[in-house]
Amino acid sequence: MGLELYLDLLSQPCRAVYIFAKKNAIPFELRTVELLKGQQHSDAFVQVNPLRKVPALKDGDFTLAESVAILLYLSRKYKTPDHWYPQDLQARARVDEYLAWQHTALRSSCSRAMWQKLLGPVLLGVQVPPETLASTLAELDRNLQLLEDKFLKDQAFLTGPHISVADLVAITELMHMEGTGSIAGNSTGTWLSLIPWWTVLGCEASLPQARGHKSRRLWGPGRDAVSPRVSVQPYPSPHVSPGLLIQRSADSHSEREVA
């Protein structure tokens, strides 16, 4: 049996693993685990990952949990281009630094904002006190500012001149939140200053987008002021997370990726 990836594409870390595997032409069998149906608690899945979480990987008799561990395993086994997880000691340390910060800062505030603004009220009928939501969104805004000031700075990507797994982990988290309006609807200058990074990253990673994305304006009219080389058009798909058709007008090259 070859490589198997157990994913639910509603999950941000699962999307990062999926995009990474597809972008690097890594052959795998997709095993869908539907979280909303509780399939992560099934006896069959618990045999793969006793932690009952996705993503999970099965490579022959070897199993692995946790998205970062899976991304690094894939990068090493399949010898993906060096920019994803550099061999250079200090360049790799920068990627590691972001990955460590992400889970305790940006991911934490994004997850709480998602539950308080969308999942709690819509799925559970639980309304969060306005002051609690305001505090969470303020923390999210602070983390967006740190993302820019500490990591992105004046670079093309989070850890330097080339895309890395750090960018992929970050953008799958943020596009999940931005689709609910929790970023663009709350932040002003901080979010707007991240648009060039988001736009270029979309091309580099063949980034999928969620259907009905509230900030299609980021990709639509006026986008040439951000990146004249990039134009993006909606691309319908029957999958959970429909993608975008990404076209590079400068060389008439086009890429299509659907998550």
Side-chain angles (χ1 to χ4, degrees), residues 11-20 23 51 53-57 64-76 80-117 132-180 182-184 186-202 204-205 207:
S11 157
Q12 304 94 302
C14 286
R15 287 201 300 273
V17 170
Y18 179 88
I19 295 168
F20 182 80
K23 185 65 179 176
L51 299 177
K53 295 180 179 180
V54 289
L57 171 151
L64 186 65
E66 298 299 326
S67 59
V68 170
I70 291 170
L71 287 168
L72 301 189
Y73 176 84
L74 294 176
S75 72
R76 290 162 176 153
T80 58
D82 185 71
H83 61 80
W84 288 109
Y85 193 57
Q87 290 296 317
D88 178 81
L89 177 64
Q90 293 185 358
R92 176 172 289 192
R94 287 298 178 206
V95 177
D96 290 336
E97 179 184 39
Y98 178 80
L99 294 175
W101 176 81
Q102 154 92 12
H103 280 277
T104 59
L106 188 62
R107 177 154 178 75
S108 175
S109 58
C110 280
S111 296
R112 284 188 290 109
M114 175 66 72
W115 275 102
Q116 292 175 14
K117 187 168 184 178
T132 300
L133 178 58
S135 176
T136 297
L137 293 178
E139 181 183 345
L140 175 58
D141 204 50
R142 287 193 296 271
N143 282 326
L144 285 173
Q145 190 67 60
L146 285 172
L147 179 75
E148 181 182 12
D149 294 344
K150 159 65 178 167
F151 296 100
L152 185 58
K153 295 180 281 194
D154 58 352
Q155 305 174 122
F157 297 98
L158 288 179
T159 61
H162 304 293
I163 189 174
S164 73
V165 293
D167 297 280
L168 193 53
V169 168
I171 205 67
T172 50
E173 192 73 50
L174 293 180
M175 75 184 205
H176 201 78
M177 288 302 303
E178 211 278 327
T180 71
S182 296
I183 294 178
N186 180 60
S187 306
T188 52
T190 303
W191 176 238
L192 292 174
S193 63
L194 294 175
I195 293 175
W197 165 71
W198 176 299
T199 304
V200 175
L201 181 56
E204 292 296 323
L207 191 69

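Going from atom OH of Tyr98 over to atom CG of Leu147 covers 5.0 Å, rounded to the nearest 0.5 Å. Between the NZ atom in Lys23 and the OH atom in Tyr18 there is a gap of 13.5 Å [rounded to 0.5 Å]. The CD atom of Gln116 sits 8.0 Å away from the OG atom of Ser135 when rounded to the nearest 0.5 Å. The CD1 atom of Ile171 sits 8.5 Å away from the CG atom of Leu158 when rounded to the nearest 0.5 Å.
Heavy-atom neighbours of His83 NE2 from other residues, nucleotides or ligands within 6.0 Å: above the threshold of 12. A 6.0 Å sphere centred on CD of Glu66 holds no more than 12 heavy atoms belonging to other residues, nucleotides or ligands. No more than 12 heavy atoms of other residues, nucleotides or ligands shown are found within 6.0 angstrom of CZ on Arg94.
Nearest heavy atoms, Leu51 versus Ala65: CD1-CB, 4.1 Å. Minimum interatomic distance between His162 and Asp167 (heavy atoms only, all atoms of both residues): O-OD2, 4.1 Å.
For Tyr85, there are no ring pair (Phe, Tyr, Trp, His ring centres under 6.0 Å) partners at least two apart in sequence or on another chain. A search for side-chain contact (heavy atoms from CB on, under 4.5 Å) contacts involving Pro13 returns Ser11, Pro55, Ser67, Arg107, not counting sequence neighbours. Scored by the side-chain hydrogen bond (donor to acceptor under 3.5 Å, both in side chains) test, Thr159 finds Ser164 as partners (sequence neighbours excluded).
One N or O on the side chain of Thr104 and one on the backbone of Trp101 form a donor-acceptor pair closer than 3.5 Å.
Using a 4.5 Å cut-off on side-chain heavy atoms (C-beta onward), Ser109 and Thr136 make no contact.
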